[in-house]
Chemist: 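Encoded as structure tokens, here's the structure I'll be asking about.
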Amino acid sequence: MRKKLGIIDADLLDNGTRHPNLACMKISAYYKDKGYNVSLLDSYENLDSYNLVFISKVFTFTKVPMTIFKRGICKDINHPEDSLKKNIRIGGTGFYYDKAEDLPYEIEHHMPDYSLYEDYILEKIKNGEPRSRYVDYLDFSIGFATRGCFRKCDFCVNKKYNNVFIASPIKEFFDESKPKIYLWDDNFMASPDFNSILDDLIATGKPFQFRQGLDIRLMTGEKAMRLAKVKYYGDYIFAFDHIEDKDIISRKLELWRRYSNKSTKLYVLTGYDSQDEVDIKNTFERIKILMKYGCLPYIMRYEDYKNSRFKSMYIQIARWCNQPQFIKKQSFRQYCEDNERYHRMKKKDVVKNCACYQTMLDFEEEFPDIAKEYFDLRWEDLNEYLKK
Ligand code: SF4
């Protein structure tokens, strides 16, 4: 009888996720080759009926039931390796953060099993969910062309390596039947193999994209010229994590705009350096710089924002920025006023202002100078690039 392998994508089971777990797909492919009967499991029940169960999670906040850990309660969920049932293996940054072990070489370098999630997705689509929700599972070849990053930002999980190195040749994860490619590289811009990897990606003939924010601080004229010319899928996404980088990022965006007029987005990390009015001001200042270069901010909220008395401000700024149809057409004030209008239209006899509008009013009352400087900025007006 064929041995049975169960795979649990813990992030999928807990919150649902739009991204397939690459490690799970590689494990699946490897064990299928070894003759195992592999299934993606949709619960933590009956794990004893499998010869082997792999549980992988990417996010530390993903919940995994304590019952999977050995006989009774595992004392330290962060170090559960001593207390696993014998047939269970766990892995991924969600369990071990930057100390996660690499997959064995033969698994790491195996072509992923792109069919692992097929039944799960077919079921979802059959039950009325849109196919568009699952394009990451269905339409992409997925991999890391490189790994590693030398920067070691405090908030980032990528601290394991000191440099950027080739992780997988593109052909290792490229599936001709998939229309697109996406890459999870940590810091592709720092790769000494930047040009040859781009050559390999171009040779596939497929559009591709890097999903992590590219490090624009490392942009050069040559890199900008090459990146701008490729068949890139979707927005170019860079990162603007700290206000201290505003001079270098402004220079690099100017350089980028010499070569590319394509839609460009920058992740804007908020709630990390602090969670006060200074952080709010710095967030607006970064948004203002991005408007100038015709770029779109994408607000990333660090967990600590939830403990801020400006929590609602962070939420409203993110709602305004992260939907291009709003930020491209409205100032922050106009966006909040529109929300209020809609709120009153929906509930005619309402007494209280909507949360969005009230948040803006409260902040403006307390910090009129910040409001005066930023609340009325409009992407269309500041965008020097569009005017050219
Ligand atoms: S540059 Fe990016 S990948 Fe590198 S440590 Fe910072 S956040 Fe992480």
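We're numbering straight along the sequence, starting at 1. Start at 1 and go down the list; that is how both ligands and their atoms are numbered. FYI, side chains are in, hydrogens and waters are out, and symmetry mates aren't considered; it's all heavy atoms of this structure.
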Chemist: Salt bridge (Lys or Arg N to Asp or Glu O under 4.0 Å) for Arg257 and Glu254? Distances and angles first, verdict last.
Modeler: CA-CA 5 Å; Arg257 281 311 193 198; Glu254 202 174 312; over 6 Å; no
Chemist: Sequence neighbours excluded, which residues qualify as side-chain hydrogen bond (donor to acceptor under 3.5 Å, both in side chains) partners of Gln212?
Modeler: none
Chemist: Less than 2.8 Å away from atom 4 (Fe) of ligand 1, how many protein N/O/S atoms can be counted, ignoring water?
Modeler: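 Counting protein N, O and S atoms closer than 2.8 Å to atom 4 (Fe) of ligand 1 gives 1.
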Chemist: Below 3.5 Å, can you tabulate the donor-acceptor pairs from side chains in residues 28-37 to any protein atom, sequence neighbours excluded?
Modeler:
from, atom 1, to, atom 2, distance (Å)
Ser28, OG, Asp113, OD2, 2.6
Lys32, NZ, Asp113, OD2, 2.7
Asp33, OD2, His110, NE2, 2.7

Chemist: Using the ring of each side chain (for Trp, its six-membered ring), is Phe210 parallel, tilted or perpendicular to Tyr232, with breaks at 30° and 60°?
Modeler: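 Rings of Phe210 and Tyr232: parallel, under 30°.
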Chemist: Students often mix this up, so state it plainly: with edges at 30° and 60°, are the rings of His109 and Tyr105 parallel, tilted or perpendicular?
Modeler: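 Tilted.
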Chemist: Under 3.5 Å, which donor-acceptor pairs do the side chains of residues 235-242 form with other protein atoms, sequence neighbours left out?
Modeler:
from, atom 1, to, atom 2, distance (Å)
Asp235, OD1, Ser263, OG, 2.7
Asp235, OD2, Lys265, NZ, 3.1
Tyr236, OH, Leu227, O, 2.6
His242, ND1, Asp273, OD2, 3.2

